[in-house]
Amino acid sequence: MLTTDDRKNVRYVTLDRPDVRNALNLALILALREALRGAARDGVRCLVITGNGKAFCAGGDVAEWAEVEARGESTTFPWVDEMHGLILDVAGFPAPTIALLNGAAVGAGLDLALACDFRLAADGARFQCAYTRMAICPDAGGTWLLPRIIGLEQAKRFAFTGEFWSAQEALARGLVTELHPADALGESGAALAERLAGGPTVAIRETKRLMEGAATGDLRAQLAEERRASERCYATADFKEAMTAATEKRAPVFQGR
């Protein structure tokens, strides 16, 4: 489900559910949070998050959500609270963080990447803010993170339409930091990570803290608002239709209610 590896003061955390494109179920979120706590305790000087297989992360695990929805527990399912905690853990990590995007980053998987300081992508990676495709709004920090990275207008278009961006589009619009051939991504990511890990740790940590503190708005308050808005989405007929369509492996037919 999750593997870790230390190299030259860099900790590599790899999402390891390739059969479901590293979708975030509750167990994986909890494992990620524990991995970040461990990395902070150990004083690692750079953290890299990547995925095993063809995708970085496909977002929330629809199969698990469908089971919860069938039990009528969606608004109390701890996935949202733990995912919020994970986003705060990543965004607040004291050392530099890199998302090494080996493949598609979708929905909450994209939000996880956005919470990192840098995003290095393979040239075949794809990106989607997929929430509206499921008749819900972003619920993992995307409404706070995305506009700050690519600008409000681009963020609205990306989120409203649910369209896919190629790696080249993502680079042109500022969603990713660098683009590399797939077979060179690991080496390029390691080079940046080792450079950051080899720098003045305290100075980099303080510079990061000061830059983050200078940004306007409050992530924790935004996450709380996302939760309230998401609960309104979960109560709609369109959300129920999206969950049914996902389990039946067909395109949803939304009624706008």
Report task. Output, in order, the C-alpha distance, side-chain angles, deciding distance and verdict of salt bridge (Lys or Arg N to Asp or Glu O under 4.0 Å) for Arg228 and Glu225. Result -> CA-CA 5 Å; Arg228 289 189 289 269; Glu225 180 57 32; 2.8 Å; yes
Assess whether a salt bridge exists between [X] and [Y], defined as any Lys/Arg side-chain N lying under 4.0 Å from an Asp/Glu carboxylate O.
X: Glu153; Y: Arg157; answer: no
X: Asp42; Y: Arg11; answer: yes
X: Arg250; Y: Glu241; answer: yes
X: Glu34; Y: Arg41; answer: yes
X: Arg17; Y: Asp19; answer: no
X: Glu206; Y: Arg209; answer: yes

Side-chain donor or acceptor of [X] paired with backbone N/O of [Y] under 3.5 Å:
X: Asn22; Y: Asn52; answer: yes
X: Asp139; Y: Ser230; answer: no
X: Asn9; Y: Glu194; answer: no
X: Asp238; Y: Gln255; answer: yes
X: Thr50; Y: Leu100; answer: yes
X: Glu163; Y: Gln128; answer: no
X: Thr132; Y: Ala159; answer: yes
X: Arg148; Y: Trp144; answer: yes
X: Ser188; Y: Leu185; answer: no
X: Glu178; Y: Ala121; answer: no

Output the distance between atom [atom1] ([X]) and atom [atom2] ([Y]), rounded to the nearest 0.5 Å.
X: Thr177; Y: Ile98; atom1: OG1; atom2: CD1; value: 8.5 Å
X: Thr4; Y: Leu32; atom1: OG1; atom2: CG; value: 11.0 Å
X: Glu212; Y: Leu219; atom1: CD; atom2: CG; value: 9.5 Å
X: Thr236; Y: Arg257; atom1: OG1; atom2: CZ; value: 9.5 Å
X: Ile87; Y: Arg33; atom1: CD1; atom2: CZ; value: 10.5 Å
X: Leu28; Y: Asp61; atom1: CG; atom2: CG; value: 9.0 Å

Report yes or no: do [X] and [Y] belong to one cluster of Ile/Leu/Val/Met/Phe/Trp/Tyr joined by side chain heavy-atom distances under 4.5 Å?
X: Leu36; Y: Leu223; result: yes
X: Ile49; Y: Leu175; result: yes
X: Leu101; Y: Phe158; result: yes
X: Met83; Y: Leu114; result: yes
X: Leu15; Y: Val20; result: no

Heavy atoms, side chains only, cut-off 4.5 Å: are [X] and [Y] in contact?
X: Arg45; Y: Val10; answer: no
X: Ile29; Y: Leu24; answer: yes
X: Val106; Y: Cys57; answer: no
X: Leu86; Y: Leu112; answer: yes
X: Leu146; Y: Gln154; answer: no
X: Val48; Y: Val13; answer: no
X: Val44; Y: Phe93; answer: yes

Could you tell me which non-hydrogen atom of [X] sits nearest to which non-hydrogen atom of [Y], and how far apart they are?
X: Tyr12; Y: Ala193; answer: OH-CB, 4.3 Å
X: Pro96; Y: Ile204; answer: CG-CG2, 3.6 Å
X: Ala242; Y: Pro252; answer: CA-CB, 4.2 Å
X: Phe56; Y: Ala99; answer: CZ-CB, 4.5 Å
X: Ala122; Y: Asn102; answer: CB-O, 3.9 Å
X: Cys137; Y: Cys233; answer: N-SG, 3.5 Å

Requested in this report: Apply side-chain contact (heavy atoms from CB on, under 4.5 Å) to the pair Leu2 and Asp16, showing each step before the final yes or no.
Outcome: CA-CA 5 Å; Leu2 185 74; Asp16 194 14; 5.7 Å; no
Query raised in the report: Does the side-chain contact (heavy atoms from CB on, under 4.5 Å) test come out yes or no for Met1 and Asn25, once each step is laid out?
Result: CA-CA 10 Å; Met1 179 169 294; Asn25 63 2; 4.1 Å; yes
Query - Aromatic ring proximity Tyr234/Trp65, centre distance under 6.0 Å - result: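 Centroid distance Tyr234-Trp65: below 6.0 Å, so yes.
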Query raised in the report: What do the steps show when you test Leu196 against Phe118 for side-chain contact (heavy atoms from CB on, under 4.5 Å), and what is the final call?
Result: CA-CA 11 Å; Leu196 293 170; Phe118 307 103; 3.9 Å; yes
Requested in this report: Count the heavy atoms belonging to other residues, nucleotides or ligands that lie under 6.0 Å from CZ of Arg37, then report whether that count exceeds 12.
Outcome: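 Correct, the count exceeds 12.
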Query raised in the report: For Glu82 and His84, does a side-chain donor sit closer than 3.5 Å to a side-chain acceptor?
Result: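 There is no such pair (donor and acceptor under 3.5 Å, judged by atom type) between the side chains of Glu82 and His84.
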Query raised in the report: Can you list every salt bridge (Lys or Arg N to Asp or Glu O under 4.0 Å) pair that touches residues 99-123, not counting sequence neighbours?
Result: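 Residue pairs with at least one partner in residues 99-123: Asp117-Lys208.
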Query - Axial cation check for Trp165 ring with Arg126, 6.0 Å and 45° limits - result: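 Pair Arg126/Trp165 does not count as cation-pi.
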